[in-house]
Amino acid sequence: MSLAQVHHISAAPGDEEAAGRFTAVGPGVSAALLAELEPLIGYALPDGASHRPADAELRSLPQAFTYAVLSDGSRVVGRTAPARGDGTAPVRFHTHAVHLPPGVPLPGDRLPVEAWRSPHWVSATPVGGGALSDPLGLLPPGPAPVREGLDDFAVSRGPWLAAVLADLRRASEEEAPAGGPVVLVERQSADVARWLGLAAATLPRESVERLTFTTYTRRPGSSALRVVGAPPEDAAAAREAGLRVHVCADRPPVDGTADAWARTAARVWRSRAPELFEEARGLPGDPFAAGPLAVIALCSGVALGPEERAAAAGWAAERPYALDAKRTGQLVEALTSPGIDDRTGSEFDAVGRLFGALDGRCPASVTAPLAAMLVTEAVRGGNGSLELPRRDAFVGPEGEAIAGVLGPEILTELESGAGGGRPVARTVQLLRVARLLGVNGTEVLPEVVARLARTILTEADGSEGTPAFAPALLELLDEQFDVRTALLGALDRIAPEDPGAVARFLERVALPFTGTQALPHLRMCAGAPGAMTTLGRDRSAVWHRVLRAAGLSPFAEPLVLRTAVGLVWEDRAPTVEEARLLLEAATSDAHRAAGTWARLVDAALGAPADTEDGTALAHDLLRAFPQEIGGRERAALQLLELCRDLRSGAPEPGWTEQVRTLRDRAAPLEPAIQERAFTALTERLLAPDRPGAELYAFVRSDDADLIAAYDRAARTEPTRTRLRTHPAYAADCFTNWTAHPHAGTAWTTTAAALLDEVLRPAVRGMTAEAVAEVEETVGRTGSSGRANAFRDWNRSRALGRLGRRIAGRVRRG
């Protein structure tokens, strides 16, 4: 069919009153479409261009080659070029356009950009109804005319290629991206057309057909097209308008693009191999995924970066059936090339997946280089996330060769003293690779596993949730029985030292210890969380449950005591009742061997002051562990034992001095023990049957803390009640509290206060007969002078009250 053509002449530069006009319009082009078309073909001279240019200058002015889609779905392909005008208008801008109705393709199913170099664009409107030229229908056959020179152009624009292709790809999406057109800044509009030619060769056809454009405009911000060319002087304004601007006529950009497909396409162009784009489009997958294009490029010898190689390996791993044997071999050869020195962890991971996909599908000669590359990286690169090959991948000469190279390196690192700081993942990886290659590490295994066990607990305690090394560790234990046996044994030996850490680790990682190994401590650690959940706060019941999980008696294996105590009480001390249970559950020899006797001592020393069993526990501990308990702890327990004797009524003489001596030896003494000891001593000193020598020693000690405790005990309600109800006891207290007038300051002050504030109110509340009995007892046990002293003491208070009462009445009268 014949396509309608449109000719338009714009206003002359500088003639603001003149307007452009359509000089010829083919059939089917409505006035509405012409009104829509006219803003698209407007032309403005570049800065500095003459309004009356010479012929050479006129030829050098930019041409605007435009492809646009109109509102009715029809399309327009046209060229606007400066042309010589008449005398009043030396320059006119002539537009020659072809209108394509909706659904009508270009002749020969060509792409719009292919008409850029058509020789049939005209710069003047045909006169007198002459035959119209056909710029689209008379294009030379084949892609050569539009692609001529594109390779050289792409190489010259190498620094900008990836970023521009990435933006052109986004601009060609079905929904036009927001934010305005992509702006290509070039000094020559023909170079903008070449960029569009690169896009036409690189992008799929449907994307190219959506890519509307013009190669020259002075108003990029107001353009409705997807790609526009602009001169350098308009770059700053375009940036200020928020447009995506590529100044290809300036310094090369510093930042690259994150689009792996665009980077791959750029490398293909720089390698002058645009035919690879068509080959890549024949592979399955997203047309803008980097994988298919990267595979074709690598198979053709194009050098790519690590991300692109990773994309190729990842794509091939997902579709191992998509490549024939030849291309598979070429891809493997490219990925394993010894000249590559910039491989990354993600690339190795992708190669590992590719090996897994090809292993068993391809001959071993094809996959062997991949396997060798993976284990070499695992040993030398320290990549602990690699998916290692199967063991049979190294059968034959290839395996012997790589084992001969890597085996000594593996053993040297495993034996190194720095293994204590080696991460778990690294040790696991080395052990797995050693097995793959058949490296004999029997001699170094015990020491390696011992260090590994401690590192496992350290790393697990420093992480939340399941440790990252857990999957690889479990695979190692599943693959290597000797390592599993040694590691479980090492952890079982460590468990009594830090059972809490082992229990927390086993909660996160389910180690396989259900075999024939005894492993009593690991079984206890594994069973502790469940016991605590079931039995709650009953720690004694939990302890019994955990101890049964060991499967061994503490008499046969005392260390199970330590593990059980560490699991149930962790860093806390048992209560006195729990400590007595533990002491009765095993012999002192078992506790001594397990070291748990120290926990029992802590329980006694940490008991509250009102816990009666604490003194009995102290007595039992001193007899059960006479050699083990020493120093401060021994003195504190002896002080508790003395408390028991003071309360039982049969202590050895010299209590006060014993209390003071043991207190000093036990410093710093627990406050509860000091309170208990002082209370026991002072209560005994306040008892009616206490020996006088003990009270005398107490008074003469002038120990401020002890005397203060005596003062507190004397003021308690039981003592006050006894004073009120027992005249003999009141007489005894009066005698004692007045018998040492020349003692130290602490005692004299306290005794005076007790006489006035404790004894006097008690005597005042007695009957006359009881007071007389007190007086008589004081005289009988002391002397007549003491009795007189009591009468004076008692009378002075009474007269003082009577005198104040009489004085008050006189004042009121």
Side-chain angles (χ1 to χ4, degrees), residues 496 538-544 546-548 553-655 658-681 683-684:
D538 189 348
R539 293 186 293 193
S540 299
V542 173
W543 183 76
H544 279 295
V546 169
L547 200 58
R548 284 198 299 272
S553 165
F555 302 102
E557 174 53 67
L559 281 181
V560 298
L561 279 173
R562 183 193 300 179
T563 302
V565 170
L567 287 170
V568 177
W569 284 278
E570 297 183 7
D571 56 350
R572 296 168 296 178
T575 65
V576 170
E577 294 77 11
E578 292 167 345
R580 294 184 67 82
L581 172 69
L582 292 175
L583 187 59
E584 294 168 1
T587 64
S588 60
D589 288 341
H591 281 292
R592 188 177 295 110
T596 47
W597 62 268
R599 291 294 192 99
L600 307 181
V601 171
D602 291 342
L605 299 183
D610 58 352
T611 303
E612 293 301 326
D613 288 345
T615 57
L617 177 61
H619 173 81
D620 294 342
L621 292 176
L622 287 170
R623 277 143 189 78
F625 310 106
Q627 303 302 320
E628 288 72 27
I629 303 175
R632 188 196 77 80
E633 289 78 9
R634 184 174 187 83
L637 291 178
Q638 289 175 330
L639 194 56
L640 284 175
E641 188 179 35
L642 179 59
C643 292
R644 192 186 72 147
D645 293 342
L646 286 169
R647 290 233 167 110
S648 67
E652 293 291 331
W655 328 324
Q658 288 182 56
V659 168
R660 297 181 65 219
T661 301
L662 292 175
R663 176 197 61 184
D664 295 342
R665 288 179 184 173
L669 184 62
E670 289 79 359
I673 296 179
Q674 178 165 304
E675 179 184 350
R676 175 184 287 271
F678 284 9
T679 301
L681 174 63
E683 286 179 352
R684 190 73 181 86

What's the verdict on salt bridge (charged side-chain N to carboxylate O under 4.0 Å, His left out) for R539 and E577, showing C-alpha distance, side-chain angles and the deciding distance?
CA-CA 11 Å; R539 293 186 293 193; E577 294 77 11; over 6 Å; no
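- Across every non-hydrogen atom of A636 and A666, the tightest pair is N-CB, 3.7 Å.
- The shortest non-hydrogen separation linking A677 to C643 is CA-SG, 3.2 Å.
- In this structure the side chain of L600 never reaches within 4.5 angstrom of the side chain of T596, judged on heavy atoms.
- In this structure, L621 and L583 have side chains that are in contact, with non-hydrogen atoms separated by less than 4.5 Å.
- Summarising the local packing, CZ of R665 is surrounded by 12 or fewer heavy atoms from other residues, nucleotides or ligands at distances under 6.0 Å.
- Contact between R599 and V565 at its shortest, heavy atoms only, is NH1-CG1, 3.5 Å.
- Looking at V546 and V560, their side chains never come closer than 4.5 Å, going by heavy atoms from C-beta outward.
- Side-chain atoms of E633 do not come within 3.5 Å of backbone N or O of D602 as any donor-acceptor pair.
- Atom CZ in R684 sits 11.0 Å away from atom CG in D645 (nearest 0.5 Å).
- Taking CG of L605 as the start and CG of L639 as the end, the distance is 10.5 Å to the nearest 0.5 Å.
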- request: May I have the step-by-step check of salt bridge (charged side-chain N to carboxylate O under 4.0 Å, His left out) for D589 and R592, ending in yes or no?
  value: CA-CA 5 Å; D589 288 341; R592 188 177 295 110; 2.5 Å; yes
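- Summarising the geometry, atom CH2 belonging to W655 is positioned 6.5 Å from atom CG belonging to L646; distances are rounded to the nearest 0.5 Å.
- The side-chain heavy atoms of L582 and H591, taken from C-beta on, include a pair separated by under 4.5 Å.
- Under the 30°/60° scheme for interplanar angles, the aromatic rings of W569 and W543 are found to be tilted.
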Please lay out, stage by stage, how D620 and R580 fare under the test salt bridge (charged side-chain N to carboxylate O under 4.0 Å, His left out).
CA-CA 9 Å; D620 294 342; R580 294 184 67 82; 3.3 Å; yes
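- A salt bridge links E641 with R623: the distance from a Lys NZ or Arg NE/NH1/NH2 to an Asp or Glu carboxylate oxygen falls below 4.0 Å.
- Using a 4.5 Å heavy-atom threshold, the side chains of F625 and S588 count as touching.
- Here the shortest heavy-atom pairing between L640 and G614 reads CD1-O, 4.3 Å.
- Between A579 and L617, the shortest heavy-atom distance links the atoms CB-CD2, 3.8 Å.
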- [ ] Run the numbers on R663 and I673 for side-chain contact (heavy atoms from CB on, under 4.5 Å), then give the verdict.
- [x] CA-CA 9 Å; R663 176 197 61 184; I673 296 179; over 6 Å; no
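- Between the E578 side chain and the T575 main chain, a donor and an acceptor come within less than 3.5 Å of each other.
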*Kindly indicate, with the supporting measurements, whether the criterion side-chain contact (heavy atoms from CB on, under 4.5 Å) is fulfilled by R647 and R676.*
CA-CA 11 Å; R647 290 233 167 110; R676 175 184 287 271; 4.1 Å; yes
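- We find that E557 and R562 are not joined by a salt bridge, their nearest charged nitrogen and carboxylate oxygen being 4.0 Å or further apart.
- Listed here is the closest heavy atom pair of L669 and R632: CA-NH1, 4.2 Å.
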